[in-house]
Structures are given as C-alpha cells and as structure tokens.
Amino acid sequence: MNLYDSKAQTLREFVPLKAGEVGMYVCGPTVQGAPHVGHLRSALVYDILRRWLAAKGLRVTLVRNVTDIDDKVLEKASEAGVPWWALAYQFEQEFNAAYRTLGIEAPTYEPRATGHITEMLELVDRLIDAGYAYQATDGSADVYFKASKWASYGELTNQRIEDMVDDAEGQLRGKLDARDFTLWKAAKPNEPVTAQWPTRFGAGRPGWHLECSAMATRYLGARFDIHGGGLDLRFPHHENELAQSRAAGDEFANFWLHNGLVNVGGQKMSKSLGNSTFASDLFTQARPIAARYFLGSAHYRSVLDLHDSALAEAESAISRVEGFLARAERKLGRRDFEGHHDRYQQLPTAFVSAMDEDLNLPAALAALHEAVRAGNAALDAHEDAAAQVELSAVTAMVDVLGLNPNSSVWSVGQGDSAESKALGSLMEALIAERNLARANKDFARSDAIRDQLKAAGIQLEDAADGTNWSIS
RNA sequence: GGUGGAGUGGCUGAGCGGCCCAAAGCAACAGCCUGCAAAGCUGUAAACCCACGGGUUCAAAUCCCGUCUCCACCUCCA
C-alpha cells in the first residue's frame, strides 16, 4: 500500500521494516484538559490505519503516549488547587472514556511520560556525549539541544534553520542560540516537589519533545515504521523529536504521517472563539457510531469541518448502512467470518484499493454504500445469493472501519438486560395490535400506535414478512 | 518574509493526464412499493466543463506560469 510520508512529501510504498510486523508511534494528548473533537479525529485516524494494517495480516504494535507532566498541567492544577498528577489522571481517564465510546481500540502500549524519566535522561546523556546537547550556560538545570549544530535540522518540515525567525532575541537565557530547544527543564521555585526529578544537572522535569523520542524507542526500537500525529505537531514537536533521536544515533521513524485538523463551522477551534467542541458535546449531539462515521468521512489529511448539519448527515448515512445490515441479517442471518483472512477475502476490490491508496476513506465509504445499494436491490428482488455476497462485503468493510453496528462497543449497558426484554415483549404486543387494526382497516387506531411509538423514538418498518422496529 | 496545504453540484466530499459529459453521502423532485407513511429500489434534476487568466499536450479538474482567495505551521512560555 501507499502512504503519504510528510517528510518525503510524497506517497511512498509502505513496506514494513520487519516482514509481517509494524511498529507505530502516535502522539497522544497532553492531559491538561478535556478531550475535543480534534483529539478524537487524530486517535481515530490511526485506529483505522491500525485496523487496516491488521486486516492485511500484519502484526501491529501501536504506542500512544500520555503526556502527564507539562507546563500546562502544572498551571491548571495550581489554578484548580489540586495535585498535578490528580488532574492529569482525571483527564487521562476522560480521554480513555471518549476513545472507548468511539470504538477506538486501546493501543498496545500507552506509556506515560512520568514513567519514563530514566529513558529520557539516558537519551540526554547520549546527546551530551555526542556533543549535541548542553546544560544551560546560566547555571540552571535546563538542558538544550544544539539545533544549529545538527546539520539536518529542518529536514522534516523542509525549512532552513537560517530562515527561521529568531523572535526570542534577548530571551536566550542559558541558550547558546535562540533556535536551540529545551530537552530538560529546570524546576522552578513555585513548582511542587512532586514534579521534580533529581539529575546531575539539578532537579527538573522532561521537556515535551524529549518524552516522545524516549518512549518511542523504548517500545519500538531505534528504528520503527510509522510516526503519526496531528498536523499542528509537525513543527516544532516532530522536527525536534527527529533531530534529537537522529543526533543520538537512532534512525527513528521510517514514515511520518500527519492528520488534518478539525474546524468548527469553517473556523479553527480555539478557546478565544469559544467554539471548541469537546467529546462530551459531540456525544450529546450524535450517537457514537454516527460521530465515528463523521470523523472518518473526510480524507485523513484534509481539514474536517464540523458544520451545522454534518452530524445529521453522518447519522443518515450510517443509518442507511445499519438498515441494510439489519434487513439482510433478518433474512439471511448474521455473517460471521472464520478469521482475518476470510474477512479480507470478502472486501470489494474498490474498497481495498481505496484503503491501500493512502487510506482514502471517502472512496472506501463510496464502496461501502455501493455494496449497500446492491444488497438492498438484491433483497428487493429476492435474490438471496446475491444479497448474501453483499452482506458479507458490507460486514467485512464495516468491521475494518470499526463501524459494525453489531459490535459490542456500541451497546454498552444494552443487550440482554431485563429492560430490553421487557421492551421487546411490549413491542411485540403493540405490533400485533397494530397489525390486527390494519387487517380490520381501522387505520385510525393503527396510525395512532405508530405515532405514539414515533414520539417515543421508536420507528416501525413494515416489511413483506412482518413489522420490525428500531430505536433511533 | 519562509514552509506546506486548499478553492469541484444546494451542502459534505473523492478524483490529481485519457476509463470524468466528474465517485459516494446528505438534501430535492418523480415513479414503484404501502391502506397511508417510513424504509427500500428506480429514475430526474443539480458542477454554464472542476477559483480566474494564459500555456504545454493528440488529450487537463488533473502538468506549467501568473493572479485572486482561504487555511496551517515558523521553537518552551502561545
């Protein structure tokens, strides 16, 4: 398959470094606030990529970190009057809950920055030994990376170091050059002692860039297949990661992937505009499966716009797919696959080539809808064999995309509960009564039942072989 | 100033030299189905030829040049 490598600025054929295995590192959140739609999109993109690679038979190791120590974490915790680690953990849990709601699978490893101080300090030592890092000249415990010495600096974002704006003129503090960046931060007087780790430079805590390099190589080795993250992280974060890891002698990522950002109503999300849409907002406006459909409906590298009707459109579109699956499964039974290989065989070629071409999700969804239409047509024509083929295809696609409505991830707290059994028997009785009224041409009565149910959020669907119901 | 991305039907959104008189979804309209609906299917209309102007080519939405507009990033602290 081909993937767009941001560093090479072109599509490249993806070949795993080690046959049959893929190592992926994705920048996770700094847990200093509640998850918003941008965080969710990023996590979702790599979840789908991971599922696709797995569907192709590759063994994927996905690492997504949690930045649980950072200036903002300390600042917010201090404002809230709670310990920084409590604040970080609270938001980490919120992120995980939002990921689960969206059906995003847990990463293979989910390292926290604070759990990898040793690895980070080792990396700092290697950089100092190699002459690419130095302790601050003002005697503080800050440690900087010598960007000006690393000749390849700027290779990820195609910038020349001499073109970079030195806006920090006069704010060098202990830096030799304004473009040098912080690897390790000296503890400040007002910061809690729990946010400090002793080092030979003095007490301090890790800089953001250092964390990711240390954790990526800790779990994936000195060279690994894919490094992903949001487009806003390209510079300086990823540029710095690349520089420090390479300067330390690690080859680092083979592919750099960047997902596009989410706009709200055509505008960038920002605190000052007050238009940030959080996971909690999203889930009150749409069912999780519809939210997932929406977040995956644009190409992963495009800007995704959350406009007024976007979620309603996604809801309609996924309902169509759900409707077909429910209808086909009533008639033909649920399609179960023997395994990944069996499932992969059922995927239409248009879907496979779309996914293989830089994860072209809009084209993949087009293939999905095409199969749904063909499947519905086959059911209408009572061509069961043809319908079965489409049912298999749709089930396989929806599995790969994480949009299978039958998946247990969407039905937390539902299923075989006493409530749902009670509802089922009530519905059975009401449907029987309505059908009796219809047979007697008492349409006033039958429509009253239908309207009443609709007001309660229950849709009826009259099929040739009986009446079905669903909750919207 | 530098780097990168984008401008396609009413909306969303693929396509990035010929298969494009441009996928798919949403919205609209009509027919079939239905007691009537819903769902489904079929069809229609919808992009004054894909921001604008020029060029290359047998052939351009797709390549080149210019212009306009929009977006992202350009070092912790933003």
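Computed from heavy atoms alone, side chains included, the values below leave out hydrogens, waters and symmetry copies. Below, read A as the first sequence line, B as the second, and so on, with proteins coming before strands; counting in each chain starts at 1.
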Can you give each donor-acceptor pair under 3.5 Å made by side-chain atoms of residues 201-208 of chain A, sequence neighbours left out, with the distance rounded to 0.1 Å?
from: A:R205; atom 1: NE; to: A:E191; atom 2: OE1; distance (Å): 3.3
from: A:R205; atom 1: NH1; to: A:D71; atom 2: OD1; distance (Å): 3.0
from: A:R205; atom 1: NH2; to: A:D71; atom 2: OD1; distance (Å): 2.6
from: A:R205; atom 1: NH2; to: A:E191; atom 2: OE2; distance (Å): 3.0

Ignoring hydrogens and angles, write down the donor-acceptor pairs under 3.5 Å from the side chains of residues 77-84 of chain A, residues two or more places apart or on other chains.
from: A:W84; atom 1: NE1; to: A:T194; atom 2: OG1; distance (Å): 2.8

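Between A:E357 atom CD and B:U62 atom P there is a gap of 19 Å when expressed in whole angstrom units. Atom C1' of nucleotide B:C76 and atom CD of A:E241 are separated by 15 Å, given to the nearest angstrom. As a whole-Å value, the separation of A:D232 CG from B:A72 P is 11 Å.
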Given protein heavy atoms under 4.0 Å, the one-letter contact record of nucleotides 2-14 of chain B, with B base, S sugar-phosphate only and - none, is simply BSS------BSSS

Counting primed atoms plus P, OP1 and OP2 as sugar-phosphate and everything else as base, spell out the protein contacts along nucleotides 37-42 of chain B at 4.0 Å heavy-atom distance: B, S or - for each nucleotide, 5' to 3'.
BBSSSS

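Residues from residues 383-404 of chain A placing a heavy atom under 4.0 Å of any atom in RNA chain B do not occur.
In summary, A:K56 and A:D356 engage in a salt bridge, as defined by a charged side-chain N under 4.0 Å from a carboxylate O.
A cation-pi contact, defined as under 6.0 Å to the ring centre and within 45° of the axis, links A:K149 to A:Y132.
For A:Y153 against B:U75, a side-chain-to-base donor-acceptor contact under 3.5 Å is present.
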Would you write out the dot-bracket form of RNA chain B, 5' to 3', with Watson-Crick and G-U pairs under 3.5 Å, [ ] for crossing pairs, | for pairs to other strands and . for unpaired bases?
((((((((.[[[..)..(.....]]].(((((.......)))))......[[[[[..)....]]]]])))))))....

